[in-house]
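These notes concern the structure reproduced below.
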Amino acid sequence: MSVSAPTTDFDLLPFAGEHHEELPFIRKYIFSTDHKVIARQFLFLSLFFLVVGGLLAAMIRWQLGFPGQPMPGGDVLPDTMAPGGIILPEFYNALVTMHATFMIFFAIMPLLVGVFGNLLIPLQVGAPDMAFPRLNMASFWLAVPAGVLMLASFAVEGGASGAGWTAYAPLSASGEWTGVYLGQQLWLASLFILGFSSIAGSVNYVTTVINMRAPGLTWLRLPLATWALFITAWLILLAMPILAGALIMLLFDQTIGTAFFRPEVGGEPLLWQHLFWYFGHPEVYILIVPAMGIASEVVSNGSRKPVFGYHSMVLAICGIAFLGWIVWGHHMFMSGMNPMLGTTFMVTTMLIAVPSAIKVFNWLGTMWKGNIHLHTPFLHGAGFVSLFIIGGLSGVFMAATPVDIQIHDTYFIVAHIHYVLFGGSLLAIFAGITFWYPKFFGRIMNEFWGKVHFVLTFILYNVVFFPMHSLGVQGMMRRLYDPYQYEIFADMLPLNRFISIALFALVVVQVIFALNFILSLRSEKVGPNPWKANSLEWAVPSPPPHGNFQHMPVVYRGPYEYSLPGAEEDYILQTEPDEEAEPAERSVEPATR
Amino acid sequence: MSLDKHTHPPYMTIWAVLAVLMFGKVAVGLSDLPQAVAVSILVVISLLSAGLVALYYMHLRFETKLLWALAFLPFPLVAILILTVIQEW
Amino acid sequence: MESHAAAVGLPGRQPEIALEGVYTKKLGMWIFLLSEVMFFTSLIGAYVILRFANPEHFASPGEVLNVPLTAINTFVLICSSVSMVKAFAALQNGDQKGLQLWLLVTIVLGSAFVGVQIYEYIQLAAHEGFVPSADLYAAHGGPLYGSTFYVMTGFHGTHVTLGVLALIFVLMQARKGAYTPQNLGGVEIVGLYWHFVDLVWIVLFTIVYLI
């Protein structure tokens, strides 16, 4: 049934941006339905949790570098966590669990999806806002209580969850193993609420991209950041509910004593692992695919060249997203699963190297012989590419079952995940924040301090995480409270102490970024297009007004037309009419001449 | 592609078919048929009923290709999950 | 399609652009329902796998569960689906009275379904010892039976309850004359949700009660 959107010439109609009423403070900044305000809210929320997660990491490294010694300033912690500043084993379990939980669910995922999804999707598709602005607001205001519950779990009796971020049953299914009852339940409830938030956001992203693209903005003229976020939204939509169902069953095991994952009454712990990783592996791509999109934007902009192989980039994103559904078993090679499944999962996992390599070569091809401008976003993007190569290659290692048997649950895995999540996603996030800072706040971050931050972060990051490969191959297990009580690990203390000190330096270096971020809020205002980029968000003022576009934009070309031969400037906005080619919407008319 | 204003799908006929299929399922479920036969019949009838609801009550039959594509998107994933994990036992 | 991309950016209103031929609200509801499919997949999939792994935990049809009562309840839900679609058809014909009447019928039938389900739970728990908790389970089969039964039917019942609440809201809007044959998105999307919940029950009833 054709529901009546009156079909009128859009040029004649006022677009939302023209009617700009002043909203009261609470509607404008707190319960706002404006996607740009929600993006900023997500930005502050997730940066806060990034700091929390970073502090937890520093505490973990203190215990590994200086085991049993009082932490500087650690005496502020209550005696149930660290009496006299000395970390207790139970608290250490909570530290590793909550570090991963905060970083994955409350920092990286909202930073990529909540922040950039909200900011970029409506702007890059040329829409005045999301398809469902109130649902979008609900998405943010569900994420807040989820975060509060997760933080509150530190304060309850028994402390926060200590069963690892994967919450393997039966350890997580009953408090009698860990002594954590309410903390584990809060963990489950918090993630369940966060699932609602993510799904609400994703319904919006998908609908907006499908239905609200500006005239002329065909699928293959979409910027890669939007493509990546679109595919990511699909992954969230289809994977998050699986986690939600599993969380519910585990929560009932904990609270009312159902039998799902409790072997003592007939349940199947292995089922939890399958359900968790069936969600968990798409989640891994939720955390990296948007970063790939951001990297494509900044690498192309910094190289002043079109993205090499745009079509193959889009296909590679789709390929990664699809393969992400059939590889989850590679997290479980040591679970005693059916060997036939193990082999299948090994092969499918190795296949992912193909689309990933396509993307890497395309980024390198984009830089090749480009007129490279080493601005801060480009540096972070190039950093992303190089560290993603290392993280990706170690991923191929681990996919081989025989190798995984040696390095499973060791620091090799820790190194791998941090190469893709920190070196990959977080560097792309730094690139994205620096690049789109004008669209958030109408100003630009300091380039000098941005580069200083990048160089120090890049070096220290590798100093921290590269040696972990070696620790892992030597057999040092992850999540050990005090590895040195085992004779074989005793001589690893010096290297661990070195890593810890480097990590403290890495944490301190992030202060440069924080100060640059805060102080730049008061710097001079910038124009619409400080980076001389092409996509639609650069056609509107910085920051864009409520409703984004004065008139419906019309798109005439792709998003990466840098350094076009014969053009006056080395960039051409997507809204620039093309003298020779007709826009897509008019090309359906028969040629008259 | 669109539902005409005055020619609705035969809603009441489909309702009657759904009711008959449902009571048929109950009869099969409570009968003494061998397990494998009963399960096969039940699965087929369920899919048939679910298909009728989706096609006519949810109007999928009259929708665009886009919605068709969307509606079938989760089913490979469902099959992958269940058929893989069941190999463990 | 693009040439008809009509943007009506009237102040305070979302432009109803429908690039791909499906208006935005309906597209959003379908996309949401896909994620619902995956949610029920995790619950139903867990049931299928647990049952395959531990068949001794499950009783044969009719041994513990009251099949005739639930068959009638299923019939009630099927009737509520047809009344919902009648409400939508009435609105398409501009019949406001019919819209409100059929919405009311749907609400009554939906509430009846939830009521019977609660009665069934009480009967099962009180007289059969069929409970979700593993330690208190006393019926035929084993604790996995009770756990999976209550989680699956309970979450379905929650969905029905939320659907009834949404229908009450839609009925109140309809009484204010919010829907017209040209503006029927609200009724159509609540109908989509309602039929989806019915569809899930058709599957659940079969695999939980009859297999």
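In what follows, every chain begins at residue 1, and chains take the letters A, B, ... in the order their sequences are listed.
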Side chain C/N54, main chain A/G267, donor-acceptor under 3.5 Å =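 It does not hold such a pair.
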Are more than 12 heavy atoms, taken from residues, nucleotides or ligands other than [X], located less than 6.0 Å from that residue's [atom1] atom?
| X | atom1 | answer |
| --- | --- | --- |
| A/F322 | CZ | no |
| C/Y121 | OH | yes |
| A/W325 | CH2 | yes |

If you look at every heavy atom in [X] and [Y], which pair is closest and at what distance?
| X | Y | result |
| --- | --- | --- |
| A/A259 | C/A134 | CB-CB, 4.2 Å |
| A/T207 | C/G28 | OG1-CA, 3.6 Å |
| A/A131 | C/T24 | CB-CG2, 3.5 Å |
| C/S42 | A/A246 | OG-N, 4.2 Å |

message = Please classify the contact of C/L144 with chain A as side chain, backbone, both or neither, using a heavy-atom distance under 4.5 Å.
response =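 It is both, since atoms from each part get that close.
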key: C/Y137 versus chain A, the contacting section by heavy-atom distance below 4.5 Å   =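 Contact with chain A is absent: no heavy atom of C/Y137 under 4.5 Å.
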key: Flag side-chain contact, heavy atom, 4.5 Å: C/L27 against A/I210   =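 Heavy-atom side-chain distance check passes, below 4.5 Å.
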message = What I'd like to find out is whether the side chain of C/Y150 reaches to under 4.5 Å of the side chain of A/T258, using heavy atoms alone.
response =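 They are not in side-chain contact.
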[X] versus chain C, the contacting section by heavy-atom distance below 4.5 Å:
| X | value |
| --- | --- |
| A/A244 | both |
| A/Y278 | side chain |
| A/F252 | side chain |
| A/I199 | side chain |

task = Kindly determine whether C/Y23 and A/N211 satisfy side chain to side chain contact (heavy atoms under 4.5 Å, CB included), including the steps that lead there.
result = CA-CA 8 Å; C/Y23 66 96; A/N211 243 7; 5.5 Å; no
Quick one: [atom1] on [X] to [atom2] on [Y], what's the gap to the nearest 0.5 Å?
| X | Y | atom1 | atom2 | answer |
| --- | --- | --- | --- | --- |
| C/Y47 | A/L271 | OH | CG | 14.0 Å |
| C/M29 | A/F132 | CE | CZ | 9.0 Å |
| A/W234 | C/I31 | CH2 | CD1 | 5.0 Å |
| C/S147 | A/R262 | OG | CZ | 8.5 Å |
| C/E36 | A/L237 | CD | CG | 11.0 Å |
| C/L50 | A/E268 | CG | CD | 6.5 Å |

message = Let's test your reading of the structure: which of A/H274, A/M240, A/M249 forms the most heavy-atom pairs below 4.5 Å with chain C?
response =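 Of A/H274, A/M240, A/M249, A/M249 has the most heavy-atom pairs under 4.5 Å with chain C.
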request  = Return the option, out of A/L243, A/T255, A/L275, A/I242, with the maximum number of heavy-atom pairs under 4.5 Å with chain C.
outcome  =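 Heavy-atom pair counts peak at A/I242.
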